[in-house]
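Just below is one structure, and these are the notes that go with it.
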Amino acid sequence: MSLAYALALAPGGDGGFHAPDTEIFRWGPLFPDGPSWLRWFTKPVLLIALSAALVVAFYRIAFRAPRLVPRGMQNLGEVAYLFVRDQIARPMIGKDGDRWMPFLLSVFSFVLVMNLMGVVPVLQLPATSHFAMPLLLALVVYGLYLTLSIRVQGFTGYFRNVMFPPGQPAWMYFIYSPIELLQHLVLRPATHSIRLFANMFAGHLLIAFFASVAWWFLFEKLSAAGVGVGIVGALMTVVITAFEIFVQALQAYIFTLLAASYIGGALNPDH
């Protein structure tokens, strides 16, 4: 029996199978009966704070007493540092890349841990699946990019280089300039944040769907006709979870790589 056919046979109404939807991303206050000033404290906020605390604690422990020959957590910390430096900072920024390592390593680690919260038992929610967090990080990066660009090129010079690069016929600027202005002021931070958000949102929804299928057909409504579908759901949950871990790491890398490319572009506008 195919998965689609089995789900189609599942009875409707309150007693039937209901695929998870966007409701799984909506979390109310953790303390609904608590004081009104605590209503902002939801599960996503908790995971963001926990992720930040874990990143700070990890690097503090790893490098509080560094050894010439690294061991334990220092070894992991140095692997992370060298990865960001050699694969992101230096290729994207160049000779000034090492100066930006504190920022880039923090961004990479913070995004990675927030992403991985989606596969941690009990927690099981990537904080970056809520659009506000990727957008906030993207705006921080973009604010830094604009500040550096204006500092290096000047306010007028920056917008002149963006909208009126030399070597183009005059009529071309009527088309080119608005597009480039839109790209630099709107599309860059938008795509930077949406890419991370969309991947985490979709991945979490897929895991929730197959886990729900497995639970429904193997536990809630166990039957000879549905057990095969339940097994497929369980296997797919494992496969999608493993793939999602790869995507979570990849998206942390891509987000940090783009941040470094914007910093590099601001510091070296001629390249």
Side-chain angles (χ1 to χ4, degrees), residues 1-12 15-27 42-48 50-51 54-55 76 79-80 83 87 107-135 137-138 191-258:
M1 180 184 293
S2 71
L3 178 60
Y5 182 65
L7 295 181
L9 291 181
F17 175 81
H18 295 280
D21 56 18
T22 56
E23 289 293 328
I24 64 175
F25 298 95
R26 298 173 186 171
W27 292 85
T42 61
K43 183 176 181 179
V45 174
L46 173 64
L47 295 180
I48 292 169
L50 181 60
S51 299
L54 287 174
V55 170
L76 292 176
V79 168
F83 172 78
Q87 302 299 323
V107 169
F108 174 78
S109 303
F110 187 39
V111 173
L112 177 62
V113 174
M114 285 195 295
N115 290 352
L116 290 174
M117 288 294 176
V119 295
V120 175
V122 179
L123 301 179
Q124 293 176 311
L125 179 70
T128 44
S129 65
H130 283 245
F131 185 58
M133 195 62 215
L135 179 61
L137 292 174
T191 56
H192 198 189
S193 55
I194 291 173
R195 182 183 292 105
L196 175 59
F197 158 72
N199 277 278
M200 294 303 100
F201 182 92
H204 187 62
L205 198 58
L206 275 175
I207 293 174
F209 171 75
F210 285 110
S212 297
V213 169
W215 179 262
W216 177 263
F217 287 100
L218 294 180
F219 296 98
E220 288 288 334
K221 298 292 182 180
L222 180 62
S223 66
V227 66
V229 178
I231 292 173
V232 171
L235 292 175
M236 286 300 297
T237 301
V238 175
V239 172
I240 296 296
T241 299
F243 180 70
E244 183 64 9
I245 293 174
F246 167 74
V247 173
Q248 288 165 346
L250 179 64
Q251 289 304 314
Y253 167 74
I254 292 175
F255 190 91
T256 312
L257 186 74
L258 288 173

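Numbering of residues begins at 1 and proceeds along the displayed sequence. No hydrogens, no waters, no symmetry mates; every other heavy atom, side chains included, goes into these values.
Not less than 6.0 angstrom separates the ring centroid of F201 from the ring centroid of F131.
Residue pairs that meet the side chain to side chain donor-acceptor pair (under 3.5 Å) test with at least one member in residues 108-123, sequence neighbours left out, are Y59-S109, N115-T128. Residue pairs meeting the side chain to side chain donor-acceptor pair (under 3.5 Å) criterion with at least one partner in residues 226-252, sequence neighbours excluded, do not occur; the list is empty.
Among all heavy-atom pairs drawn from A249 and F108, the shortest one is O-CE1, 4.5 Å. Residues P20 and I24 come closest through the heavy atom pair CB-CG2, 4.0 Å. F110 approaches S51 most closely through the heavy-atom pair CE1-CB, 3.9 Å. Closest approach of W27 to P44, counting heavy atoms only: CB-CD, 3.9 Å. The shortest heavy-atom contact between A214 and G233 is CB-C, 3.8 Å. Residues L125 and S129 come closest through the heavy atom pair CD1-OG, 3.8 Å.
Using a 30° and 60° split on the angle between ring planes, F25 and H130 fall in the perpendicular class, above 60°.
Atom CG in N199 sits 14.5 Å away from atom NE2 in H204 (nearest 0.5 Å). Here the CD1 atom belonging to I240 is positioned 11.5 Å from the CG atom belonging to L205, to the nearest 0.5 angstrom. Note: L123 CG to L116 CG = 11.5 Å, rounded to the nearest 0.5 Å. Between the CH2 atom of W216 and the NE2 atom of H18 there is a distance of 7.0 Å, given to the nearest 0.5 Å. Rounding to the nearest 0.5 Å gives a distance of 7.5 Å between CG of L196 and CE of M114.
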request  = For F255 and R195, run side-chain contact (heavy atoms from CB on, under 4.5 Å): C-alpha distance rounded to whole Å, both residues' side-chain angles, the deciding distance at 0.1 Å, then the answer.
outcome  = CA-CA 8 Å; F255 190 91; R195 182 183 292 105; over 6 Å; no

inquiry  = Applying side-chain contact (heavy atoms from CB on, under 4.5 Å) to Y253 and L112, what does each step give before you reach the verdict?
reply    = CA-CA 8 Å; Y253 167 74; L112 177 62; over 6 Å; no

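Here the side chain of K43 pairs no donor or acceptor atom with the backbone of A127 at under 3.5 angstrom.
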